[in-house]
There are 4 protein chains.
Amino acid sequence: MTGAADKRPRTKPAEIRRDELMDAAESLFLRKGFAATSVGEIVAEADVAKGTFYLYFKTKDDVLDALRTRFIEGFCEKLDLALAAGDRDWSGRIDIWVRTCVNAWLDSVARHDLVFHQHAPADRAMKADNLVILRLATLLEQGAQAGAWTIDHPRMVAVMLFDALHGAVDDSLAAKTPLSRAQLIALITRFYRRALAIDQG
Amino acid sequence: MTGAADKRPRTKPAEIRRDELMDAAESLFLRKGFAATSVGEIVAEADVAKGTFYLYFKTKDDVLDALRTRFIEGFCEKLDLALAAGDRDWSGRIDIWVRTCVNAWLDSVARHDLVFHQHAPADRAMKADNLVILRLATLLEQGAQAGAWTIDHPRMVAVMLFDALHGAVDDSLAAKTPLSRAQLIALITRFYRRALAIDQG
Amino acid sequence: MTGAADKRPRTKPAEIRRDELMDAAESLFLRKGFAATSVGEIVAEADVAKGTFYLYFKTKDDVLDALRTRFIEGFCEKLDLALAAGDRDWSGRIDIWVRTCVNAWLDSVARHDLVFHQHAPADRAMKADNLVILRLATLLEQGAQAGAWTIDHPRMVAVMLFDALHGAVDDSLAAKTPLSRAQLIALITRFYRRALAIDQG
Amino acid sequence: MTGAADKRPRTKPAEIRRDELMDAAESLFLRKGFAATSVGEIVAEADVAKGTFYLYFKTKDDVLDALRTRFIEGFCEKLDLALAAGDRDWSGRIDIWVRTCVNAWLDSVARHDLVFHQHAPADRAMKADNLVILRLATLLEQGAQAGAWTIDHPRMVAVMLFDALHGAVDDSLAAKTPLSRAQLIALITRFYRRALAIDQG
DNA sequence: TATGAATGAGGGTTCATTCAT
DNA sequence: GATGAATGAACCCTCATTCAT
């Protein structure tokens with residue numbers, strides 16, 4: 001029986017195992033949807049036993065939460081980087097914000113949909129914690145203080161601008177003839193500038 | 001035992017039975033969520049046998065679709081009514097649109113969330129068929145032709161405005177200290193006017 | 001509402017209705033198998049209401065029984081006709097019997113399988129009533145009395161010959177390279193003659 | 001309450017579990033028929049949870065297949081043993097074949113009917129793979145080569161002989177006054193000898 | 001004679017989770 | 001840390017049959 005399947009447990013650093021499990025889950029979720037993916041498939045993809053999964057996650061839902069956190073963190077990192085590297089001018093910052101968001105979005109729509117829409121009762125409260133919106137609100141506030149624009153309710157306007165961008169990208173993706181990335185960015189930027197009453201560059 | 005089971009089939013007009021089933025389903029879905037509600041519970045609530053459910057709906061998912069259609073139709077009706085009764089002035093029409101949407105929304109958030117977010121693979125394409133957006137796009141276009149505003153891409157702007165409103169309402173609902181209905185309407189109307197470059201009344 | 005579906009009940013002679021129902025059932029059973037065919041499909045095919053079915057048959061199984069009877073009767077008729085028209089010579093009668101059976105069989109395998117194998121716990125006792133075997137047994141007995149052959153147990157030999165033929169035809173049908181009709185008949189006839197110790201013509 | 005539910009999983013070697021499940025299924029199928037037996041009853045009889053069944057069989061049909069395979073293997077074993085132990089004489093071998101088959105058959109009619117007739121669309125093609133027929137055909141061919149008899153089409157004759165035996169045993173079982181085992185064997189053996197034109201011993 | 005809405009028992013199957021090893 | 005056999009509640013759906021009209 002020397003040819004028998006390699007049964008020896010191969011202990012790995014927890015961090016790695018956890019990531020492998022998450023990768024497996026994400027890949028499967030992306031392909032088949034959250035509900036349609038079973039824990040059995042996840043562990044098969046990750047090449048571990050059923051029980052191992054429950055060593056790292058309390059429930060199946062738990063992985064999705066972890067995936068969401070990981071996604072948001074990645075997104076914010078990109079945003080911070082772009083903003084830090086970019087213009088000091090307020091109007092320019094808005095441009096950067098739009099450009100970065102659209103690009104990041106388009107590069108990971110599926111992933112985004114997965115972690116935000118695939119499960120959970122559309123947890124309305126979640127948006128309150130949306131770090132991306134928080135960042136935009138802060139940006140708007142700072143710009144207002146600097147006199148770049150006037151805003152009655154930064155938080156709310158941030159929400160509206162965020163959802164407008166979100167919606168535009170989604171819609172373009174669903175359209176029979178999607179806009180080009182550049183067109184989309186231009187369009188949204190124009191919308192943002194108007195909504196903030198910034199002089200159209 | 002006055003409650004002895006009444007076995008005789010009580011035929012009802014199909015339309016009524018179907019509505020009763022839908023009402024039962026909606027009520028349950030609202031309370032417990034779509035996935036957490038079983039067909040068994042629905043028929044119990046509607047006081048019919050299990051098989052009867054499948055006389056009117058092909059699958060469990062089918063009811064949700066029916067619910068969505070019913071919801072959209074009701075919404076559009078309200079919108080059309082308000083628009084027909086209201087101002088002839090373009091700017092005023094936008095105001096009406098915003099007011100009607102926010103109100104209708106707030107009056108049926110739960111129902112809205114149910115039919116739009118609770119299930120379905122976040123059907124992105126669905127938005128393409130969103131009648132409400134369609135109506136707004138038309139409104140924008142007509143206003144543009146009438147010279148009330150200028151718009152580069154009516155459809156896209158409609159999408160962005162729609163999602164902005166949608167997001168604002170949602171956010172307010174989730175907030176620890178929600179805005180008043182009037183405040184919300186005022187805020188969004190202001191946003192719309194700016195985005196359309198209408199003179200702030 | 002003049003265009004509404006023609007609701008008027010069109011009473012038909014019972015005999016006809018019953019036949020239509022049987023035809024519909026047979027056609028469906030042949031296409032999809034007995035178990036996989038629902039009463040609902042039968043009545044749809046026969047273009048009557050569910051209840052009408054139960055006016056003519058006590059249960060679903062009942063139709064299959066009726067179908068079987070109809071099949072056997074048809075088969076026996078053919079046999080009787082061929083035998084009556086044919087040879088007076090005993091050996092020739094056996095030939096006719098084989099030829100007629102093989103032909104009739106090949107012309108209606110599907111139907112035969114349906115009524116004999118598709119349902120029922122392989123009702124062993126049914127064979128006792130098999131009219132075809134009965135006829136063969138009688139033929140054998142008469143031939144024996146006439147001195148055409150000697151047989152220890154006509155009934156049993158009839159059974160064996162019958163099943164031998166049956167098996168041969170079935171096997172040929174399942175074979176990758178089926179025998180021709182003529183070959184099959186020749187082969188079986190030879191087998192019969194040997195088994196009855198008739199001089200090979 | 002000594003009978004308090006023992007919840008702890010009692011792991012057993014897969015081979016054993018599988019066999020227990022098969023035994024339970026066979027016993028139930030024999031008693032109530034395949035269709036009338038539910039998976040729930042099987043697992044109850046085998047004293048395992050419902051899910052365990054699906055650990056070993058993909059579907060309910062799957063068990064029946066397994067049962068059939070097990071039956072055929074057992075049958076062939078008996079046949080090989082008897083043939084190996086018996087006569088070297090060709091005519092004697094036929095006798096042994098008949099005797100062994102009849103006996104084995106009578107000892108397990110129910111089981112035989114179960115695995116061959118109870119389900120499946122009377123899978124005609126299955127006979128092509130019938131190992132018992134294959135063995136008989138081989139025997140006939142070897143005998144023919146050895147000059148023990150002449151045969152035009154060994155395969156077909158094997159089929160006919162096999163079905164003749166099969167039919168005879170079935171018929172006897174169904175008869176109001178069944179033949180004795182010895183009578184049956186004698187009768188069939190005589191039939192075989194005639195059909196092969198062997199001198200009646 | 002014919003209808004068809006209603007019934008509801010019943011079935012097969014899935015899968016997240018546990019726990020003894 | 002890792003395993004994977006076992007669990008069992010829960011679920012969706014089918015369909016033969018009935019009966020008031």
Side-chain angles (χ1 to χ4, degrees), chain A residues 7-14 17 35-44 47-62, chain B residues 5-14 17 35-43 47-61, chain C residues 7-14 17 35-44 48-62, chain D residues 5-14 17 35-43 47-62:
Chain A
K7 291 287 235 32
R8 287 168 302 147
R10 283 226 247 168
T11 303
K12 284 193 186 179
R17 260 287 130 81
T37 300
S38 71
V39 174
E41 291 170 306
I42 298 174
V43 298
D47 199 31
V48 296
K50 225 42 165 312
T52 305
F53 178 90
Y54 288 91
L55 245 31
Y56 292 94
F57 303 97
K58 254 205 306 299
T59 70
K60 186 184 162 194
D61 289 5
D62 213 26
Chain B
D6 186 355
K7 289 288 227 40
R8 282 166 309 141
R10 282 220 255 163
T11 304
K12 282 192 189 180
R17 260 287 130 77
T37 300
S38 74
V39 173
E41 291 170 307
I42 297 173
V43 298
D47 197 31
V48 294
K50 212 114 162 240
T52 304
F53 178 90
Y54 289 93
L55 236 37
Y56 293 94
F57 303 98
K58 256 203 303 298
T59 68
K60 188 184 161 193
D61 288 5
Chain C
K7 290 286 233 30
R8 286 168 302 148
R10 282 224 249 167
T11 304
K12 283 193 188 181
R17 260 287 131 79
T37 300
S38 72
V39 173
E41 290 169 307
I42 297 174
V43 298
V48 296
K50 245 344 185 347
T52 304
F53 179 91
Y54 289 91
L55 244 30
Y56 294 94
F57 303 98
K58 254 204 307 298
T59 69
K60 186 184 163 195
D61 288 6
D62 214 25
Chain D
D6 186 355
K7 290 290 231 38
R8 283 167 307 142
R10 282 220 254 165
T11 303
K12 282 193 188 182
R17 259 289 130 80
T37 300
S38 75
V39 173
E41 292 169 308
I42 297 174
V43 298
D47 197 32
V48 296
K50 210 106 159 252
T52 304
F53 178 90
Y54 289 92
L55 237 35
Y56 293 94
F57 303 98
K58 256 203 302 298
T59 69
K60 189 184 160 195
D61 288 4
D62 214 25

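All values below were derived from every heavy atom in this structure, side-chain atoms included, with hydrogens, water molecules and symmetry-related copies excluded. Here is how names work: the chains are called A, B, and so on, in the same order as the sequence lines, proteins then strands, and each is numbered from 1. Everything numeric in this text was worked out from a predicted model, so none of it was measured.
- Taking a 4.0 Å limit (strictly below) on heavy-atom distances, residues 48-57 of chain B reaches DNA chain F at B/Lys50, B/Gly51, B/Tyr54.
- The two residues A/Lys58 and A/Asp62 make their nearest non-hydrogen contact at N-OD2, 3.1 Å.
- Remark: P of F/dA16 and CD1 of C/Ile42 are 8 Å apart, rounded to the nearest angstrom.
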*Report the secondary structure of DNA chain E in dot-bracket form, marking unpaired bases with a dot and bases paired to a different strand with |, and treating Watson-Crick or G-U pairs with both distances under 3.5 Å as paired.*
.||||||||||||||||||||
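- Atom CZ of C/Arg17 sits about 5.0 Å away from atom NZ of C/Lys12, to the nearest 0.5 Å.
- A/Phe57 pairs by the ring-ring contact (aromatic ring centres under 6.0 Å, His included) definition with A/Phe53, not counting sequence neighbours.
- Atom C1' of nucleotide E/dT7 and atom CZ of B/Arg17 are separated by 11 Å, given to the nearest angstrom.
- At a threshold of 4.5 Å between non-hydrogen side-chain atoms, the residues D/Thr37 and D/Ile42 count as touching.
- Taking for each of A/Pro13 and C/Gly40 the nucleotide of DNA chain F with the nearest heavy atom, the 5'-most of the two is the partner of A/Pro13.
- As rounded to whole Å, 13 Å separates atom C1' of E/dT17 from atom CG of A/Asp62.
- Taking atom CG of residue D/Asp61 and atom P of nucleotide E/dG11, one finds them 15 Å apart after rounding to whole Å.
- D/Lys60 places its NZ atom 15 Å from the P atom of E/dT14, with the value rounded to the nearest Å.
- One atom, NZ of B/Lys12, and another, P of F/dC19, lie 21 Å apart when rounded to the nearest Å.
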